[in-house]
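Just below is one structure, and these are the notes that go with it.
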Amino acid sequence: QVQLVESGGGLVQAGGSLRLSCAVSGRIFTIYKMAWFRQAPGKEREFVAAVTRDSDNTYYADSVKGRFAISKDNAKNTVSLQMNSLKPEDTAVYYCAGGRYSGSYYYTNAYDYWGQGTQVTVSS
């Protein structure tokens with residue numbers, strides 16, 4: 001199994017920045033890709049950003065391109081999400097996810113492992 005633990009959420013004013021981290025443990029060698037998703041109240045969980053474990057390929061939702069950056073540190077088994085120029089509409093619970101296979105990066109059913117989530121609130 002794989003365990004994912006997020007940290008770094010909080011309350012920030014619009015225009016501010018936050019950095020989320022995801023600590024990965026367990027059968028890490030089974031992971032092909034890592035991603036961040038988010039879920040706002042009353043909405044479905046949506047894709048934010050993804051990175052493949054053994055390359056530098058990254059993928060972003062249009063809504064966060066140019067503002068968010070996903071990165072990984074394989075030596076420390078962590079994945080991070082740097083969020084800049086935050087907007088109130090970025091308010092959500094952010095989830096770290098790990099997937100065992102290639103293919104889609106954008107859908108929740110492409111991922112096998114999930115963290116518990118961390119709350120990000122952006123005030124206007």
Side-chain angles (χ1 to χ4, degrees):
Q1 268 293 8
V2 171
Q3 294 78 42
L4 307 176
V5 179
E6 303 97 336
S7 62
L11 173 65
V12 64
Q13 288 189 332
S17 299
L18 277 177
R19 185 176 181 86
L20 306 183
S21 292
C22 176
V24 187
S25 61
R27 298 169 61 88
I28 297 170
F29 61 89
T30 66
I31 295 176
Y32 176 83
K33 61 195 178 194
M34 294 292 299
W36 289 93
F37 283 75
R38 66 187 182 187
Q39 188 167 18
K43 295 188 177 181
E44 292 188 354
R45 194 170 297 189
E46 65 174 6
F47 171 78
V48 175
V51 62
T52 51
R53 188 164 183 269
D54 294 329
S55 74
D56 292 329
N57 294 334
T58 56
Y59 307 83
Y60 294 96
D62 288 343
S63 58
V64 306
K65 278 181 184 176
R67 300 189 299 124
F68 291 11
I70 189 170
S71 60
K72 59 180 180 174
D73 186 331
N74 286 347
K76 296 182 178 179
N77 295 324
T78 59
V79 177
S80 298
L81 185 69
Q82 178 65 41
M83 304 185 295
N84 299 325
S85 302
L86 282 161
K87 304 175 182 180
E89 51 263 44
D90 294 318
T91 295
V93 177
Y94 283 70
Y95 295 91
C96 179
R100 293 181 290 171
Y101 307 108
S102 61
S104 173
Y105 292 88
Y106 305 105
Y107 301 102
T108 57
N109 60 11
Y111 294 85
D112 306 284
Y113 312 112
W114 292 87
Q116 293 300 306
T118 184
Q119 177 71 46
V120 171
T121 303
V122 184
S123 63
S124 57

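- Interatomic distance, Lys43 NZ to Glu89 CD, rounded to the nearest 0.5 Å: 8.5 Å.
- Contact annotation: the side chain of Arg45 approaches that of Trp114 to within less than 4.5 Å [non-hydrogen atoms, C-beta and beyond].
- Residues Val2, Leu4, Val12, Leu18, Leu20, Val24, Ile28, Ile31, Met34, Trp36, Val48, Val51, Tyr60, Val64, Phe68, Ile70, Val79, Leu81, Leu86, Tyr94, Tyr113, Val120, Val122 make up the rest of the hydrophobic cluster containing Met83, defined by ILVMFWY side-chain heavy atoms closer than 4.5 Å, directly or through other members.
- For the pair Arg38 and Tyr95, the cation-pi criterion (under 6.0 Å, within 45° of the ring axis) is not fulfilled.
- For the atom pair CG of Asp112 and CD of Gln1, the computed distance is 9.5 Å after rounding to the nearest 0.5 Å.
- Aromatic rings of Tyr59 and Phe47 (six-membered ring for Trp) have centroids beyond the 6.0 Å cut-off, not under it.
- Ring orientation note: the planes of Tyr32 and Tyr105 are tilted relative to one another, at an angle of 30° to 60°.
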For salt bridge (charged side-chain N to carboxylate O under 4.0 Å, His left out), just list the numbers for Lys65 and Asp62, CA-CA rounded to whole Å, side-chain angles, deciding distance to a tenth of an Å, and then say yes or no.
CA-CA 5 Å; Lys65 278 181 184 176; Asp62 288 343; 3.2 Å; yes

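- Remark: Ser85 OG to Arg67 CZ distance equals 7.0 Å, nearest 0.5 Å.
- Of all heavy-atom pairs spanning Ser124 and Pro88, the tightest one is CB-CG, 3.8 Å.
- Taken to the nearest 0.5 Å, the CZ atom of Arg100 stands 11.0 Å off from the CZ atom of Phe29.
- Note that SG of Cys96 and CD of Gln116 are 11.5 Å apart. Values are rounded to the nearest 0.5 Å.
- The shortest side-chain heavy-atom distance between Ser17 and Gln82 falls under the 4.5 Å cut-off.
- Rounding to the nearest 0.5 Å gives a distance of 9.5 Å between CZ of Arg19 and CG of Asn84.
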